[in-house]
Participant: 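After the structure tokens below, expect a handful of questions from me.
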Amino acid sequence: MIAFVSGPVAALAPDTAVVEVGGIGMAVQCTPGTLSGLRVGQQAKLATSLVVREDSLTLYGFADDDERQTFELLQTASGVGPRLAQAMLAVHSPDTLRLAVANGDEKTLTAVPGIGKKGAQKLLLELKDRLGAPVGTGGGGVGSAVTAGWSDQLHAALIGLGYATREAEEAVSAVAPQAEAAVAEGGTPQVSQLLKAALQTLNRAR
């Protein structure tokens, strides 16, 4: 098992980071949130989980061990493979998922693409005693920081993915109404979701 990879980031794509390890480029599947913290040419250390199939070896990367552990625990539920587990972590943090399971919150789970109401109900039952209790400390301050700094985080993520400054600025402007709507509803803008929307606008523009 490859527990982590560490080295300079050689390349970034919308769902993959290439980390140079001992002269070898390791392609690591990551969520937009994890990718937003990486920069080409800078050192990175990613917790990883190796998924072995008959016809493939896929390395999934995470910002920390908690995300990796949650990724692996999610797959203990029937019908949850690595792609769906990663999609869940792309939309929600480990603690948000723990809270959802602890509170029987179907709505949070159905926010993940590929999970319907029946699937959410099944996951709530199967994961109830597996994910554990939330480990965060409330998160009010974190939410405020995300609300205030989403545009800077998103801009940096797009630059890190290789887009020009002007392209990044235009994409941030394009998704600003989505972020402002989240704030108006009393929520916090999710940078990972905004990054997906921004990438869609950039792909349409090209």
Side-chain angles (χ1 to χ4, degrees), residues 1-53 56-77 80-102 108-109 112-115 123 126-127 129-139 142-143 145-146 149 153-154 156-162 190-196 199:
M1 164 130 181
I2 302 173
F4 68 88
V5 295
S6 179
V9 178
L12 290 170
D15 60 356
T16 308
V18 178
V19 179
E20 185 179 338
V21 181
I24 299 173
M26 305 285 284
V28 187
Q29 299 284 314
C30 302
T31 65
T34 298
L35 290 169
S36 69
L38 304 179
R39 301 289 179 271
V40 172
Q42 293 187 8
Q43 288 289 124
K45 182 177 180 180
L46 297 172
T48 56
S49 180
L50 180 63
V51 176
V52 180
R53 294 287 185 265
S56 66
L57 295 172
T58 306
L59 199 59
Y60 290 85
F62 308 93
D64 54 40
D65 289 334
D66 186 32
E67 279 194 1
R68 178 186 61 194
Q69 184 177 21
T70 303
F71 171 78
E72 293 173 348
L73 287 172
L74 289 171
Q75 293 177 73
T76 64
V80 178
R83 290 192 177 278
L84 182 56
Q86 190 180 50
M88 293 171 76
L89 286 167
V91 177
H92 300 302
S93 69
D95 258 5
T96 299
L97 290 171
R98 292 187 190 105
L99 276 172
V101 171
T108 294
L109 295 185
V112 178
I115 299 180
L123 285 171
E126 292 195 26
L127 295 172
D129 299 317
R130 301 182 191 178
L131 290 188
V135 297
T137 54
V142 173
V146 172
Q153 291 181 47
L154 181 58
L158 292 167
I159 296 296
L161 290 172
Q190 296 290 323
V191 176
S192 60
Q193 293 180 32
L194 293 173
L195 180 57
K196 289 180 183 177
L199 290 171

Participant: Nearest 0.5 Å, please: how far is CG in Leu35 from CG in Leu12?
Facilitator: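 Here the rounded value is 6.0 Å.
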Participant: Mind checking side-chain hydrogen bond (donor to acceptor under 3.5 Å, both in side chains) for Arg130 and listing every partner two or more places apart, or none if nothing turns up?
Facilitator: Thr76
Participant: Are the side chains of Thr58 and Pro82 in contact, using a 4.5 Å heavy-atom criterion?
Facilitator: no
Participant: Quick check: closest heavy atoms across Pro14 and Leu199, and the distance to 0.1 Å?
Facilitator: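 Result for this residue pair: CB-CD1, 3.9 Å.
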Participant: Using a cut-off of 6.0 Å, state whether more than 12 heavy atoms not belonging to Gln75 lie near its atom CD.
Facilitator: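 Counting neighbours around CD of Gln75, more than 12 heavy atoms of other residues, nucleotides or ligands fall under 6.0 Å, so yes.
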Participant: Side chains of His92 and Thr70: does their closest heavy-atom pair fall under 4.5 Å?
Facilitator: no
Participant: For Asp66, enumerate each residue passing the side-chain hydrogen bond (donor to acceptor under 3.5 Å, both in side chains) test, keeping only those at least two apart in sequence or located in another chain.
Facilitator: Arg98
Participant: Restricting to non-hydrogen atoms, name the atom on Ala17 and the atom on Leu38 that form the minimum distance, rounded to 0.1 Å.
Facilitator: CB-CD1, 3.7 Å
Participant: Is there a side-chain contact between Val80 and Leu127 (heavy atoms, below 4.5 Å)?
Facilitator: no
Participant: Quick one: closest heavy-atom pair of Thr48 and Ile2, and the distance?
Facilitator: OG1-O, 2.6 Å
Participant: Given Ser49, which partner from the list Glu72, Gln69, Arg68 fulfils the side chain to side chain donor-acceptor pair (under 3.5 Å) test?
Facilitator: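 Per the side chain to side chain donor-acceptor pair (under 3.5 Å) rule, the option paired with Ser49 is Glu72, out of Glu72, Gln69, Arg68.
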Participant: Who passes ring pair (Phe, Tyr, Trp, His ring centres under 6.0 Å) against Tyr60, sequence neighbours left out?
Facilitator: Phe71
Participant: Provide the closest heavy-atom pair for Ala47 versus Asp65 in the form atom of the first, atom of the second, distance.
Facilitator: CB-OD1, 3.4 Å
Participant: With respect to Ser6, which candidate in Glu20, Lys45, Met26 satisfies the side-chain contact (heavy atoms from CB on, under 4.5 Å) definition?
Facilitator: Lys45
Participant: Between Ala77 and Leu123, which heavy-atom pair has the shortest distance, and what is it?
Facilitator: CB-CD2, 3.7 Å
Participant: Which pair of heavy atoms, one from Leu59 and one from Ala27, lies closest together, and at what distance?
Facilitator: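 Result for this residue pair: CB-O, 3.8 Å.
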Participant: Not counting sequence neighbours, which residues clear side-chain hydrogen bond (donor to acceptor under 3.5 Å, both in side chains) with Asp15? List them please.
Facilitator: none
Participant: Does anything in residues 21-38 form a side chain to side chain donor-acceptor pair (under 3.5 Å)? List the pairs, not counting sequence neighbours.
Facilitator: Thr16-Gln29, Thr31-Thr34
Participant: Report the residues that fulfil side-chain hydrogen bond (donor to acceptor under 3.5 Å, both in side chains) with Thr108, sequence neighbours left out, ordered by chain and then residue number.
Facilitator: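 Thr108 satisfies side-chain hydrogen bond (donor to acceptor under 3.5 Å, both in side chains) with Asp105 once adjacent residues are dropped.
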Participant: Assess the residue pair Leu46 and Glu67 against the criterion (side chain to side chain contact (heavy atoms under 4.5 Å, CB included)); give the C-alpha distance rounded to whole Å, side-chain angles, the decisive distance to 0.1 Å, and a yes or no.
Facilitator: CA-CA 10 Å; Leu46 297 172; Glu67 279 194 1; over 6 Å; no
